[in-house]
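Worksheet: the structure to be examined is printed underneath.
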Amino acid sequence: MSGSNRVLYESKDGIARLTINRPEKLNALDRLTMQEIDRAVAAAGDDASAGVLIVTGMGEKAFVAGADIGELASQTPLEGAAFARRGQEVLNRLERLGKPSIAAINGYALGGGLELAMACTLRVAADTARLGQPEVTLGIIPGYGGTQRLSRLVGAGRALEILLSGEPIDAREAHRIGLVNRVVPAAELTAAAEALARTLLSRGPVALRYALQAVHEGLQMTLAEGLSMEAALFGLTCATEDMREGTRAFVEKRKPLFRGR
Ligand code: COA
């Protein structure tokens with residue numbers, strides 16, 4: 001990908017990989033990095049051969065240690081609001097990619113880093129990772145969705161402790177409260193994220209897309225509205241080749257070969 005190489009992107013064997021590549025600044029998200037994340041996410045969305053996106057950080061120390069504090073420091077209130085909206089839009093596009101994404105959390109996931117990880121569908125953390133929303137230590141609050149996605153993921157009580165204390169938690173605690181799906185030894189992180197990606201790749205792509213849609217849109221709805229949407233999407237899956245292949249493969253006692261149609 002062109003640009004300053006703040007983000008590396010590759011796509012191979014069905015898995016797209018986005019790596020934040022600014023290790024000398026612990027992969028902090030400056031404006032350029034956010035623009036390159038947005039481009040890489042769009043590339044993953046457009047890439048029909050990629051069924052899953054893995055998001056990770058370069059180096060052993062950090063996934064992403066937050067938004068770039070140097071850039072933040074000089075903002076006026078109006079600029080700050082625009083900055084937050086722009087970042088939220090990038091992470092919304094990641095969340096609504098239409099295919100699953102996995103954050104492989106290889107170290108510090110702080111501030112914008114945890115917000116980036118929470119916009120992914122699933123999170124696998126190295127046992128060395130530390131996660132938090134330290135914005136209050138800087139006199140600000142999260143602006144890339146942290147107050148909203150964290151409370152939806154772990155509940156308001158736990159979210160508020162993380163948001164108000166500003167103190168990071170370790171990977172095991174993050175797993176205990178449901179903030180990450182899996183914790184693995186740091187040396188096994190890449191393999192674990194890829195194994196999870198391959199499991200997802202073996203499932204019906206249209207079904208994954210609709211399951212993601214049902215959960216994300218359902219969270220904005222009443223239960224009755226959500227159930228009604230679920231029934232409609234279920235009906236749509238019944239019209240797919242994937243559904244015919246999946247059910248036929250079960251009867252024939254073989255693995256299904258889904259084509260995403
Ligand atoms: N924005 C800009 N630069 C950052 C950064 C951020 N969020 N996080 C780390 N860096 C930079 C440091 O300034 C330092 O740069 P320098 O070598 O040019 O001085 C480099 O990355 C290495 O970080 P350093 O602080 O020296 O590493 P450490 O091991 O001592 O501490 C952290 C690691 C993560 C505890 C510490 O960097 C930190 O607290 N970062 C900020 C976390 C934060 O508040 N994020 C939310 C922002 S809204």
Side-chain angles (χ1 to χ4, degrees), residues 1-23 25 27-58 62-64 66-68 71 81-106 109 111-124 142-146 148-149 190 193-194 196-198 200-201 203-217 219-220 258-261:
M1 179 168 287
S2 65
S4 67
N5 285 332
R6 287 254 205 299
V7 168
L8 307 180
Y9 176 80
E10 60 168 356
S11 174
K12 206 173 131 208
D13 300 331
I15 302 175
R17 189 181 303 276
L18 184 168
T19 306
I20 317 293
N21 182 35
R22 212 189 164 203
K25 293 288 180 190
N27 301 320
L29 303 173
D30 63 356
R31 179 186 283 253
L32 201 53
T33 308
M34 288 302 283
Q35 285 169 357
E36 292 191 21
I37 290 174
D38 204 21
R39 256 184 275 155
V41 166
D46 290 343
D47 183 352
S49 73
V52 179
L53 171 66
I54 294 178
V55 177
T56 194
M58 184 62 83
F63 174 71
V64 166
D68 190 294
E71 276 188 3
F83 161 92
R85 283 308 301 170
R86 259 197 320 273
Q88 288 172 4
E89 284 161 10
V90 173
L91 298 192
N92 285 347
R93 285 192 280 273
L94 167 59
E95 185 177 67
R96 301 307 303 271
L97 189 58
K99 47 187 99 173
S101 52
I102 300 170
I105 304 173
N106 53 306
L114 181 53
E115 291 169 307
L116 174 66
M118 291 191 295
C120 291
T121 313
L122 301 172
R123 283 150 294 283
V124 181
Y144 288 176
Q148 303 307 300
R149 290 198 176 92
T190 302
E194 284 179 2
L196 182 55
R198 276 192 293 275
L200 301 176
L201 282 176
R203 311 307 190 208
V206 181
L208 295 186
R209 176 180 292 268
Y210 286 157
L212 282 163
Q213 184 181 337
V215 170
H216 287 308
E217 289 183 13
L219 281 171
Q220 321 294 327
F258 292 117
R259 303 172 73 182
R261 293 206 285 247

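Nothing here was measured: the structure is a model prediction, and the numbers come from that model.
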Donor-acceptor pair, distance only, cut-off 3.5 Å: does the side chain of [X] make one with the backbone of [Y]?
| X | Y | result |
| --- | --- | --- |
| E71 | R31 | yes |
| N106 | G57 | yes |
| Q88 | G143 | yes |
| K99 | R209 | no |
| R22 | A28 | yes |

Between [atom1] of [X] and [atom2] of [Y], what distance do you get to the nearest 0.5 Å?
| X | Y | atom1 | atom2 | value |
| --- | --- | --- | --- | --- |
| E95 | S101 | CD | OG | 8.5 Å |
| D68 | N27 | CG | CG | 11.5 Å |
| E89 | M34 | CD | CE | 10.0 Å |
| L114 | R149 | CG | CZ | 11.0 Å |
| M58 | R6 | CE | CZ | 13.5 Å |
| I15 | I54 | CD1 | CD1 | 5.0 Å |

Is any side-chain heavy atom of [X] less than 4.5 Å from a side-chain heavy atom of [Y]?
| X | Y | answer |
| --- | --- | --- |
| L29 | I37 | yes |
| L97 | L212 | no |
| E36 | T33 | no |
| L116 | I20 | yes |
| R96 | Q213 | yes |

Minimum heavy-atom separation for [X] to [Y], with atom names?
| X | Y | result |
| --- | --- | --- |
| D47 | S11 | OD2-OG, 2.6 Å |
| A16 | Y9 | CB-OH, 3.5 Å |
| E115 | P142 | OE2-CB, 3.1 Å |
| A193 | I102 | O-CD1, 3.7 Å |
| F258 | P205 | CB-CD, 3.7 Å |
| P100 | T121 | CA-OG1, 3.4 Å |

Sidechain N-carboxylate O distance under 4.0 Å for E10, R17 = yes
Before accepting this row, confirm whether a basic side-chain N of the pair D30/K25 lies closer than 4.0 Å to the acidic partner's carboxylate O.
->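 Salt bridge between D30 and K25, a charged N being under 4.0 Å from a carboxylate O: no.
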Verdict with supporting geometry, L94 and C120, side chain to side chain contact (heavy atoms under 4.5 Å, CB included) | CA-CA 7 Å; L94 167 59; C120 291; 4.0 Å; yes
Do T19 and N21 have side-chain N/O donor and acceptor atoms under 3.5 Å apart?
->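 Distance-only check fails for T19 and N21.
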Carefully, step by step, assess L122 and L196 under the rule side chain to side chain contact (heavy atoms under 4.5 Å, CB included).
-> CA-CA 9 Å; L122 301 172; L196 182 55; 3.9 Å; yes
Decide side chain to side chain contact (heavy atoms under 4.5 Å, CB included) for L32 and Q35; before the verdict, give the C-alpha distance in whole Å, the side-chain angles of both, and the deciding distance to 0.1 Å.
-> CA-CA 5 Å; L32 201 53; Q35 285 169 357; 3.6 Å; yes
Can you list the steps and then say if V55 with L53 is a side chain to side chain contact (heavy atoms under 4.5 Å, CB included)?
-> CA-CA 6 Å; V55 177; L53 171 66; 4.0 Å; yes
Got more than 12 heavy atoms from elsewhere within 6.0 Å of CZ, R93?
-> yes
